[in-house]
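Comments concern the structure below.
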2 protein chains.
Amino acid sequence: MAKVAIIGAGLMGTAMCWPLSDNGHQVRLVGTHLDAEAIASCKALRRHPRLGRVLPDHVEPYSVDEVGQALQDVELVVSGVNSHGVHWMGGLLARWLPPGVMVLAVTKGLEAGAGGKLAILPDVLAGFLPEPARRKVPIAAIAGPCIAGELAGRRHSCVIFTSRDRSALPHLRDMLQTWYYHVALAADVVGVEACAALKNAFTLAVGMAEGLLERHGGRDEAGAGMFNPAAALFGESMVEMARLVELMGGDPLHVTGLAGAGDEFVTCVGGRTIRLGRLLGQGLNYVDAQREMAGETLESAAVVEQVARVLPVWEHEGLVAAEELPLMRMVCRVITQNAPVEIPFAHFMRDRL
Amino acid sequence: MAKVAIIGAGLMGTAMCWPLSDNGHQVRLVGTHLDAEAIASCKALRRHPRLGRVLPDHVEPYSVDEVGQALQDVELVVSGVNSHGVHWMGGLLARWLPPGVMVLAVTKGLEAGAGGKLAILPDVLAGFLPEPARRKVPIAAIAGPCIAGELAGRRHSCVIFTSRDRSALPHLRDMLQTWYYHVALAADVVGVEACAALKNAFTLAVGMAEGLLERHGGRDEAGAGMFNPAAALFGESMVEMARLVELMGGDPLHVTGLAGAGDEFVTCVGGRTIRLGRLLGQGLNYVDAQREMAGETLESAAVVEQVARVLPVWEHEGLVAAEELPLMRMVCRVITQNAPVEIPFAHFMRDRL
């Protein structure tokens, strides 16, 4: 049994306590400066307020200033911060990470760099580590459909662990897999992580259908909703996700499975991303929709912003044609140019004769 | 503007009146013996009771004994029967079909034949036509996410027309496409039609998650549902659908798009297939679940029964390994052997290292 530190006591970071504790590991749950209230509650009552659950047995809560202590003798660090916290996490790991420790990240996102480079977050994280450490620290990531509250409720959850250091993956699975937490391993970290991030951007688009329904006065006299448009958006998502994964150098295979279709399916069930899409579909521009959702982390918009930065570069370099990715381009205009939602259904129609 | 007959006045057959009528065609809606009540209402009040809508302007209702008259001078016959009606429709077309008329089928299904052959319904329909007519009658089919009530409500709907006679497809699109009914053309009729049918079988599996939730006493104290399991089932669906399409000789490309992911997404929103899955997930065996849904056409179970007939043949011939398609095999046992629902989550986990 190992000592494990989870950094970030948001919903997903905290939910990782369950499989780890159920496997007998000693878990140290470290809140960031955003989690002060949650950690205070965990320390006083062993209860995580947003998750609405009592922590399992083998978990000890730590506040952010106790991070040095929490990282002592650990075998694994789980990075549970959101995408805005990845640079902070990189700095923290660079400073504190003991040699030989593994990192497993739940964060989803992409980061646009110079020259049209769209980096996955495990690579961003690795970039913070000094060169000798970088080669010794396996950085892995988790993808696949996993609502935190259901993982903590020990519902069957099927996920993918991926890493550039594939030799680390079987041991990570041994540490985390339980009767309800099923883990598949994948070497194609770009393909898997691209799906994990892009599904948020595309779920935003699917959510727009619900907003359009409300904008058109709700269900009609015979009860018709907007599921046909939503499903067209979902289907087009899969096509464009596969193309984007390919452009990033990953294998589109993962789109047709847990990391792509499965994760987008569960994200469409509800939550912040669907809510933001609905507000935009209703007719709010992005600035107003953001105001409406004040205080919420909008991972989906963050991904769109990064894609919007590389698309013109890719197009200029002839990697992607102007008529490709019509849905993603529309979403980019909505998020980065405050444009209205205008779903280009006709452009989703591609003959294959 | 053409004369068009729709045979079958169920939900989907009737909904096809809208794009046809909006394009100015003269539409003859012919009820089968199952649609006597609907056609009586259409004749008396111009209202289709199950669809809950008044028929559009250019539509005339016909009863089944008026079919000869309805088929006079038509350019196109839309087959709107369900999969159990395909043989009846084949006989009818063989007897009545005027030379040179096109057929467009909305029916989804598969039919197992000798030697492990799993036929798509347009081919089954074609098999009924005498040889000279068969070569002159283009039989096309529609796939993609399209709830009938939403099509009739003129919601944006994105579909695929497919046919072995690809030269007929552009004209069919010209006849049916409107500002809200978007049509893409595909030559791979096996790939498209396999997705259209298989999505029903797999949606049945996704529905089981909801039933399992109810069986386990509903949401837990922190509100956890069963969306992680449902999403794992959806993701596995895509993987197995791609494999089945390949085994049938189609292109798995269509799984990642409207015909596969898009149509399964909309089918998961609700309806008979999800309801049957839920009953099975709750713990009813198939015989009892059927009784519970007495009178409903269970297209999903019909597809499963056909797949269950060919799988052993494929396995015997070494085309498919015993450990492949774990979800479809479980669904086959539930439907054809009255077995209990036991979702093999661990078997969905495939390492790709």
Side-chain angles (χ1 to χ4, degrees), chain A residues 51-53 144-147 149-153 155-158 166 169 182-188 220-232 234-239 241-242 252-253 255-263 265-266 268-269 343 345-346 348-353, chain B residues 51-53 144-147 149-153 155-158 166 169 182-188 220-232 234-239 241-242 252-253 255-263 265-266 268-269 343 345-346 348-353:
Chain A
L51 205 53
R53 293 187 190 271
C146 193
I147 296 173
E150 292 197 13
L151 173 58
R155 304 304 198 196
H156 285 285
S157 304
C158 293
R166 71 189 74 182
L169 291 172
H182 309 278
V183 180
L185 308 180
D188 178 21
D220 71 8
E221 71 285 0
M226 284 277 187
F227 295 119
N228 287 0
F234 189 89
E236 176 68 9
S237 289
M238 296 293 108
V239 174
M241 189 188 287
L253 172 95
V255 175
T256 315
L258 290 168
D263 200 1
F265 181 84
V266 86
C268 285
V269 162
I343 299 173
F345 290 106
F348 303 165
M349 304 289 91
R350 297 173 190 89
D351 293 349
R352 299 189 186 278
L353 291 174
Chain B
L51 205 54
R53 292 187 189 271
C146 193
I147 296 173
E150 293 197 13
L151 174 58
R155 304 304 197 196
H156 285 284
S157 304
C158 293
R166 70 188 74 181
L169 291 173
H182 308 279
V183 180
L185 309 180
D188 177 20
D220 70 8
E221 71 285 359
M226 283 277 187
F227 295 119
N228 287 0
F234 189 90
E236 175 69 8
S237 288
M238 296 294 108
V239 175
M241 189 188 286
L253 172 94
V255 174
T256 314
L258 290 168
D263 200 1
F265 181 84
V266 86
C268 285
V269 162
I343 299 174
F345 290 106
F348 303 166
M349 304 289 92
R350 297 174 190 90
D351 293 348
R352 299 191 186 278
L353 292 174

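In what follows, every chain begins at residue 1, and chains take the letters A, B, ... in the order their sequences are listed. The structure displayed is predicted, hence computed values, not measured ones.
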Greatest number of heavy atom pairs closer than 4.5 Å to chain B - which of [options]:
| options | value |
| --- | --- |
| A:G225, A:A346, A:A261 | A:G225 |
| A:G153, A:A152, A:S157 | A:S157 |
| A:A222, A:A230, A:G144 | A:A222 |
| A:R350, A:M238, A:H182 | A:H182 |
| A:V266, A:L169, A:T256, A:L151 | A:T256 |
| A:V183, A:I343, A:D263 | A:V183 |

Please rank [options] by heavy-atom pairs under 4.5 Å with chain A and give me the top one.
| options | result |
| --- | --- |
| B:A231, B:C146, B:G262 | B:A231 |
| B:G260, B:A242, B:A232, B:P229 | B:P229 |
| B:E221, B:E150, B:M226, B:M241 | B:E150 |

Of all heavy-atom pairs between B:L353 and A:R166, which one has the smallest distance, and what is that distance?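 Closest approach of B:L353 to A:R166: C-NH1, 3.6 Å.
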Looking only at heavy atoms, which two atoms of A:G149 and B:A224 are closest? And how far apart?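 That would be O-CB, 3.5 Å.
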[X] [atom1] to [Y] [atom2] distance, which is reported to the nearest 0.5 Å:
| X | Y | atom1 | atom2 | result |
| --- | --- | --- | --- | --- |
| A:S237 | B:F265 | OG | CZ | 8.5 Å |
| A:C268 | B:F227 | SG | CZ | 12.0 Å |
| B:R155 | A:N228 | CZ | CG | 9.5 Å |
| B:M349 | A:L258 | CE | CG | 4.5 Å |

Report which part of B:V255 has an atom under 4.5 Å of a heavy atom belonging to chain A: side chain, backbone, both, or neither.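 The side chain, not the backbone.
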Over 60° means perpendicular and under 30° means parallel, so tell me whether A:F345 and B:H156 are parallel, tilted or perpendicular.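 Plane angle under 30°, so parallel.
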Tell me, do A:C158 and B:E236 make a side-chain contact under 4.5 Å, heavy atoms counted?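 Contact flag for A:C158/B:E236 side chains = no.
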Charged N to carboxylate O under 4.0 angstrom, A:D220 versus B:R53?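 A salt bridge links A:D220 with B:R53.
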